[in-house]
Structures are given as structure tokens and as C-alpha cells.
**Q** 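This structure is in C-alpha cells; I'll ask about it shortly.
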Amino acid sequence: MPQDDVETMGAADSSDAIYDATTLGMPKMVLFGLQHLFAMFGATILVPALTGLSVQATLLFAGLGTLLFHLLAKGKVPAFLGSSFAFIAGYAAIAPNGEAALLPYACLGVACAGLLYLLLAALFKSFGTERVMRYFPPVVTGPIVICIGLILSSSAVANCSTDWRVALVAIIVIILCNVFGKGMVKVVPILLGVIASFVLAAALGDIDFAKIASAPWVGLPIDWNNTVFGLFTGGAMDAGLAITAIVTIMPIALATMIEHIGDISAISSTCNRNFIKEPGLHSTLLGDGIATIAASLFGAPANTTYGENTGVLALTRVFDPRVIRIAAGFSILLSFSPKFAAVIGAMPASVIGGVSLVLYGMISAVGIRNLIENKVDFTITRNILIAALILVLSIGIAYSPDGAIVIPVGSVMISLSGLAVGSIVGILLNAILPRR
């Protein structure tokens, strides 16, 4: 479809907006692509640092996932797909210490969660947006997102406790950049927080540079033993753990799919294009879902559309998706450097703790904002009951002695996380309880 035929989201295009970056020339297009790479960088590499997943595989599938998304979204939506923070709770439930033997099971659960994207995409295509979204209202998704951040908060504090001096530097830099930063400084606060606290940790002697020095500059980004496929070919797959991972992690997709819809709305508003209508949510959800499935199968984190890159779009006013695809190419190229992965692997817990303390809090804050912006009425008993049970079950079970509800099914023991139980109960109550 020609660009002029795409329905806009409001007023006519502003004079400074650029929809065809080829008019700028290739050198400037590459520069804008690098800006998008830096914008996604801090958050994307933090996910494998927090979970134990491969940094190289993360960068590879951030790039490949973005290109796949653009293909399925007809090349119209200028979105970059980076690592999703929402699924960190799922990885932590299955592999709390980033155990290499357990992470493939968590990745299997995330891959199955990606299937829900495909299901929702099919429902949007068949029944339309409004009829489907009534089953996932803000009173359900808001508390789920709040719980994701709160459940993760204890690990952030524990990491900060290893050296609060380093953690506080990360926190202060992120806050200052967000509040007082201008231009790209405001867009990349996480990256700057990581760099500043990393430098301090190095000065204090908390970083082992020997591993960095010994790592090769070039190497393959995927280790077959760390993939989901390795579970099926290794001959020692734990069926009970696999089922537990699937049941525990799949409900998280309910929150991330809603997040996806919000992100596409934000990109549409920023670019003055109605991407919800064309190429449609069914296309963007399909792209996000397949990208997440592919990444998870090969041992990388789940993908999600990145708000950081939407910020770059608003900053530069360059809305050509080809610029995003250039950033994806750089991400793929960087994934073939074990030397870079070693730098991330040497990051002290205090650096990770300081950055994650802010990020986990922001996840919960987004859930609160979701409730406020959608004007959820808590004078209605129905809404109070739904939110209350999601919050209490999710957080209460997560911090109980067992950390989960264990259900025997034949010879298999299935463990349900608090987030899984809270999500399921919230959705059921929303469907059963009468509306005013």
C-alpha cells in the first residue's frame, strides 16, 4: 500500500516528520540506526544479565526478531523488538539462580506463551479488537503487571546489598537522566546507569577482567545445549518440570500482550499513523509472537516492542522503518562477539541490583498507571474483588515457604507460581462476576 493511503491517527503530517529516510542519504540513515541500537541496548542486555541467558543469543534474536516482525507487519511499523522484562518472573520461578540446566525449561514455557500471541492474533482477525479485549480489561491486566514488579523486587534489593555504593550510583544516574536529561541522554538512562556503576565497580576492584581478556573476539552466538531443542535431544528431559514451566509462565503473556497493544498505540500516535488498523493488531501480534517463540527455542529472552525506541522516534522525527532494520542489523553483527558477552557477564551483582531496582519498580508503576488511565472504578465491589485476589494470591504465594502451589497429576507434580494462580483467578472472576 502506498504511504499516502495509510490512514493517519489525527492531523496531517507535520512538516518536520520524515517517512522516507533515503532522502537523508545512507550515512545519516546508519547514524539514526545506531541511535536506535543504543536506545535498546541497556535494557536488552540487562535481561540475560539478570536471568543467566546468553547475551549473544539475546542480541542475535533481538535483531532477527525485529526483522521478522517487520516482515509480518508488512514493513510499515517502526518498532524494535528487545528483551521483555515481564518474563523475568517466569525465569526466576524455574531457574532462580540462572541454572544452565533449568533455563531451557523456562525457555520452553516462554515459547508456549508465545503461542498465545498467535491465538490472540487469530481472535482479533476473526472477531475484531473490541469483542476480544473485553476479556482482558485493565482491572485484570493492571494488577498482574503490578505483581510482576513486586515479586521481582526482593532479588533487586538482594543484589543491591552486595555493595550499596555501586547500586546507588546506578539508581542516581538513571533518575537524573530521566528527570533532567535532554536529547539522547533522556532516551538511554539505563545504559548510562550501567556504565557509571560499572566504572565505579571496576575502580573498587569488583570486576574480574581475566575472563574478559581471555574471551575471543568472534564466535557463534548459540550453544545447542542451552536451547529448548537440547532438552529433547539430550535424553534426560524432566516432563514434570516442563509442564510446570509451561503452566507457570504462559499466564504472563496476558500482561505482555496488553503491553504490546499499548506500545503499538503509542507508536501510532508518535508517527501519526493508525497501525492498529493497518497492518492491524493481528499482524503485529503475529510478528511479536513468532519472534518470541523463535528466540525462546534458541535460548534467548522473549521479545517485546520497545518503548525506548518509540522515544527515539519522537526525538528524531524519523519514522522510516528502514532505520529500525539497520539497528537490527547492527544487533545481529554484535551478537557474534564473545568478548562483548564476557563484559556483560563480568557485571557485578551490585550494578545489576541498582538498575533492576528502578526497572522493577517501573514495571509495577506501569500497572498502576494502567488502572488510572483507564479510570478503573474501585467503588465497584466487583473490581475490588478481582484486583484484591490477583494481588494477594500472586504476591502471597510467591513469598510463601514453598513459593508455589504444587498439584499432583498422576506421577507428575505441577507447580503453579503465584502469578499464574493470580492471573487465572482474575480472568475467571472477570468472566463470571456480573458487570453493572
Side-chain angles (χ1 to χ4, degrees), residues 40 43-55 57-59 61-62 65 69 81-99 102-118 120 141 144-153 155-156 226-228 241-242 244-263 285 288-307 352 355-356 359-360 362-364 366-367 394 398 404 415-424:
M40 71 86 187
T44 291
I45 63 174
L46 187 60
V47 173
L50 291 170
T51 59
L53 294 168
S54 167
V55 174
T58 297
L59 291 171
F61 282 94
F69 174 88
L81 270 61
S83 304
S84 172
F85 279 89
F87 283 100
I88 291 177
Y91 296 114
I94 305 302
N97 299 308
E99 297 89 342
L102 299 179
L103 281 172
Y105 290 97
C107 289
L108 174 62
V110 177
C112 291
L115 294 174
L116 294 181
Y117 282 76
L118 277 56
L120 187 60
T141 58
I144 290 174
V145 175
I146 292 171
C147 290
I148 290 173
L150 294 180
I151 289 171
L152 292 168
S153 61
S155 67
N226 295 332
T227 68
V228 173
L241 182 56
T244 292
I246 292 170
V247 175
T248 296
I249 294 176
M250 282 187 74
I252 298 175
L254 299 173
T256 58
M257 289 187 296
I258 302 303
E259 178 188 25
H260 171 96
I261 295 169
D263 287 341
L285 278 166
D288 202 345
I290 293 180
T292 289
I293 293 170
S296 301
L297 290 177
F298 286 95
N303 284 330
T304 187
T305 45
Y306 254 34
I352 295 173
V355 177
S356 60
L359 288 172
Y360 296 162
M362 289 176 68
I363 291 174
S364 293
V366 167
S394 298
S415 177
L416 293 178
S417 70
L419 194 61
V421 174
S423 300
I424 293 169

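Keep in mind that what you see is a predicted model, and the values were worked out from it rather than measured. Throughout, numbering of the chain's residues begins at 1 and tracks the sequence.
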**Q** Can you tell which of Thr304, Leu120, Leu285 makes a side chain to side chain contact (heavy atoms under 4.5 Å, CB included) with His260?
**A** Leu285
**Q** Going by the rule side-chain contact (heavy atoms from CB on, under 4.5 Å), which residues pair with Ile424 if we only count those two or more places apart in sequence or in a different chain?
**A** Leu428
**Q** Run the side chain to side chain donor-acceptor pair (under 3.5 Å) test against Tyr117 and tell me which residues pass, sequence neighbours left out.
**A** Thr256
**Q** Among all residues two or more places apart in sequence or in another chain, which pass the side-chain contact (heavy atoms from CB on, under 4.5 Å) test with Leu102?
**A**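 Once residues adjacent in sequence are excluded, the partners of Leu102 under the side-chain contact (heavy atoms from CB on, under 4.5 Å) criterion are Ala95, Glu99, Leu241.
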**Q** Please name all residues satisfying side chain to side chain donor-acceptor pair (under 3.5 Å) with Thr305, sequence neighbours left out, ordered by chain then number.
**A**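 Thr305 satisfies side chain to side chain donor-acceptor pair (under 3.5 Å) with Asp263 only.
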**Q** Who passes side chain to side chain donor-acceptor pair (under 3.5 Å) against Tyr360, sequence neighbours left out?
**A** none
**Q** Mind checking the OG1-CG spacing from Thr51 to Asn97? Nearest 0.5 Å is all I need.
**A** 12.5 Å
**Q** Give the minimum heavy-atom separation between Ala86 and Ile252, together with the two atoms involved.
**A** O-CG2, 3.6 Å
**Q** According to side chain to side chain donor-acceptor pair (under 3.5 Å), who are the partners of Ser423, at least two apart in sequence or on a separate chain?
**A**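 Testing Ser423 for side chain to side chain donor-acceptor pair (under 3.5 Å), a comparison that skips the adjacent residues, returns none.
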**Q** Taking the side chain from Thr292 and the backbone from Asn303, do they hold a donor-acceptor pair closer than 3.5 Å?
**A**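 Yes; at least one donor-acceptor contact below 3.5 Å.
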**Q** Would you say the side-chain atoms of Thr248 pair up with the backbone N or O of Ala245, donor to acceptor, closer than 3.5 Å?
**A** no
**Q** Going by the rule side-chain contact (heavy atoms from CB on, under 4.5 Å), which residues pair with Leu150 if we only count those two or more places apart in sequence or in a different chain?
**A** Ile146, Ser364, Ile395
**Q** Only one of Leu53, Leu50, Thr44 clears side chain to side chain contact (heavy atoms under 4.5 Å, CB included) with Pro301; which?
**A**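 Of the listed residues Leu53, Leu50, Thr44, the side chain to side chain contact (heavy atoms under 4.5 Å, CB included) partner of Pro301 is Leu53.
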**Q** List in chain and number order the residues that pass ring pair (Phe, Tyr, Trp, His ring centres under 6.0 Å) with Phe61, two or more places apart in sequence or in another chain; answer none if no residue qualifies.
**A**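 Ring pair (Phe, Tyr, Trp, His ring centres under 6.0 Å) check on Phe61 returns Phe298.
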